[in-house]
Chemist: 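Below is a structure I'd like to ask you about.
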Amino acid sequence: MVHWSAEEKQLIAGLWGRLRVEECGAEALARLLIVYPWTQRFFSDFGNLSSPTAIIGNPKVRAHGKKVLTSFGEAIKNLDSIKGTYSKLSELHCDKLHVDPENFRLLGDILVIVLAAHFGKDFTPACQFAWQKLVGVVAHALAHKYH
Amino acid sequence: MLTAEDKKLIQQIWGKLGGAEEDIGAEALWRMFHSYPPTKTYFPHFDLSQGSDQIRGHGKKVVAALGTAIKNMDNLSQALSELSNLHAYNLRVDPPHFSLQFLSQCLQVVLATRLGKEYTPEVHSAVDKFMSAVAAVLAEKYR
């Protein structure tokens, strides 16, 4: 089980409370598809992904980004049982979606950069540490049920 | 790999840093040591406390090297040849760490905190690609 210090919990919850989930989720997913274009392979039914502008404006990307970041909210509510929280999603990503877990790490790192751009100086090194840890734990949990 | 547009964006962004290079280098390193403790194993001889002269000095060096790379994006291999030798034969940083993934992530976080909205997806993509290209050159002579 992952140990979270009181400070880490506070840094995570504090930022989460100030986050616009729909906006940040959409931005994180869009950036994944732009910065690492090979990830588009999982979204062939999303319509127009032909340029950064198309990706950013794509309603399916926005909706899915919101879904993904909303699920992060579940992890944050259950920091002491993230593996349990993501158990079904892990099976889904392995058995139905066939996503290489390396992609979870890429999305996690992108989310951290989105937070940095949104929160500026408030995204302190201590904050980054807590969030890098969180995205790492989420990525690990999502990969946990792979077989 | 790097398109003409990527190169233009990188040069523009670098131009916006306006003399803050040393601060940026130091902050990127500090964030890297803080978020990825194993990276500290390559600096046992450093005072790794926040704001240390050694971190500032090394951050300045790293950013200066990146500046050189940016001035020579069409010929990274030659421009970074000395550094490439150093990293392969002396420093021998473990190659996965040496994909600069951690330094790249932390440098991008620093740029994003300073540039906010200006750190657009296009700029983000260009910088990420640039750091990959630099890492590839620095790892060229490993074996």
Side-chain angles (χ1 to χ4, degrees), chain A residues 5 7-8 11 15 20 23-24 26-40 49 51-58 61-62 65 102 105-137 139, chain B residues 1-3 5-6 9-10 13 16 20 23-24 26-40 48-52 55 59 96 99-133:
Chain A
S5 73
E7 191 199 359
E8 285 161 6
L11 287 168
L15 218 71
R20 286 189 296 270
E23 197 183 307
C24 283
E27 197 181 328
L29 185 64
R31 282 178 185 250
L32 180 75
L33 299 171
I34 293 166
V35 179
Y36 306 115
W38 55 87
T39 57
Q40 292 172 26
L49 298 177
S51 69
T53 311
I55 291 170
I56 291 165
N58 185 310
V61 171
R62 297 194 68 81
E102 173 65 10
R105 186 188 67 72
L106 291 181
L107 182 58
D109 276 355
I110 288 204
L111 178 62
V112 166
I113 289 175
V114 168
L115 295 177
H118 275 248
F119 291 105
K121 283 197 167 71
D122 285 356
F123 197 66
T124 60
C127 216
Q128 181 184 355
F129 173 71
W131 277 85
Q132 295 282 177
K133 183 173 169 180
L134 176 65
V135 302
V137 168
Chain B
M1 236 214 323
L2 286 168
T3 63
E5 182 63 20
D6 289 331
L9 286 173
I10 291 164
I13 276 305
K16 286 196 163 114
D23 287 336
I24 286 170
E27 191 184 334
L29 281 180
W30 170 251
R31 283 178 182 267
M32 187 183 76
F33 294 139
H34 202 60
S35 282
Y36 306 105
T39 56
K40 293 192 285 192
L48 291 174
S49 57
Q50 189 167 18
S52 85
I55 294 185
S99 62
L100 286 191
Q101 158 198 327
F102 302 135
L103 180 62
S104 175
Q105 174 71 359
C106 292
L107 178 67
Q108 291 197 59
V109 164
V110 174
L111 292 176
T113 58
R114 282 161 190 260
L115 295 169
K117 282 197 164 73
E118 283 181 51
Y119 201 69
T120 62
E122 289 88 340
V123 170
H124 179 165
S125 177
V127 173
D128 198 272
K129 285 165 80 175
F130 169 69
M131 291 301 285
S132 290

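Lettering of chains follows the sequences in order, A, B, ..., and the numbering in each one begins at 1.
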Chemist: I want to check something: taking the side chain as every heavy atom from C-beta on, are A:Gln132 and B:Phe102 in contact at a cut-off of under 4.5 Å?
Modeler: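 Result no, sub-4.5 Å side-chain heavy-atom pair not found.
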
Chemist: Closest heavy-atom contact between A:Pro52 and B:Glu122?
Modeler: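 Heavy-atom minimum between the residues: CB-OE2, 3.4 Å.
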
Chemist: Check this for me: A:Glu102, atom CD, are more than 12 non-hydrogen atoms of other residues, nucleotides or ligands nearer than 6.0 Å?
Modeler: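 Yes, because the 6.0 Å sphere around CD of A:Glu102 holds more than 12 heavy atoms from other groups.
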
Chemist: CD of B:Gln108 to CG of A:Asp109: how many Å apart, nearest 0.5 Å?
Modeler: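 One gets 9.0 Å once the value is rounded to the nearest 0.5 Å.
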
Chemist: Chain B heavy atoms under 4.5 Å from A:Ile55: which part of the residue, side chain, backbone, both or neither?
Modeler: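 For A:Ile55, there is no contact with chain B at all, as no heavy atom is under 4.5 Å.
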
Chemist: Is it the backbone or the side chain of A:Gln128 that comes under 4.5 Å from a heavy atom of chain B, or both, or neither?
Modeler: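 For A:Gln128, backbone and side chain are both near chain B.
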
Chemist: Can you tell me how far the OG1 atom of A:Thr124 sits from the CD atom of B:Glu27, to the nearest 0.5 Å?
Modeler: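 Spacing of OG1 (A:Thr124) from CD (B:Glu27) equals 9.5 Å.
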
Chemist: Can you tell me how far apart CZ (A:Arg31) and OG (B:Ser125) are? Round to the nearest 0.5 Å.
Modeler: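 Answer for the CZ-OG pair, A:Arg31 versus B:Ser125, is 10.0 Å.
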
Chemist: Using a 4.5 angstrom heavy-atom cutoff, name the option from A:Val114, A:Ile110, A:Val35 with the most pairs to chain B.
Modeler: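 The answer is A:Val35.
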
Chemist: Answer with side chain, backbone, both or neither: which region of A:Phe119 has an atom nearer than 4.5 Å to a non-hydrogen atom of chain B?
Modeler: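 Neither; nothing under 4.5 Å.
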
Chemist: Could you state the interatomic distance from CD1 (A:Ile113) to CG (B:Leu107), rounded to the nearest 0.5 Å?
Modeler: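 Between atom CD1 of A:Ile113 and atom CG of B:Leu107 there are 9.5 Å.
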
Chemist: How long is the gap from CG on A:Leu106 to CG on B:Asp128, to the nearest 0.5 Å?
Modeler: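 Output value for this atom pair is 8.5 Å.
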
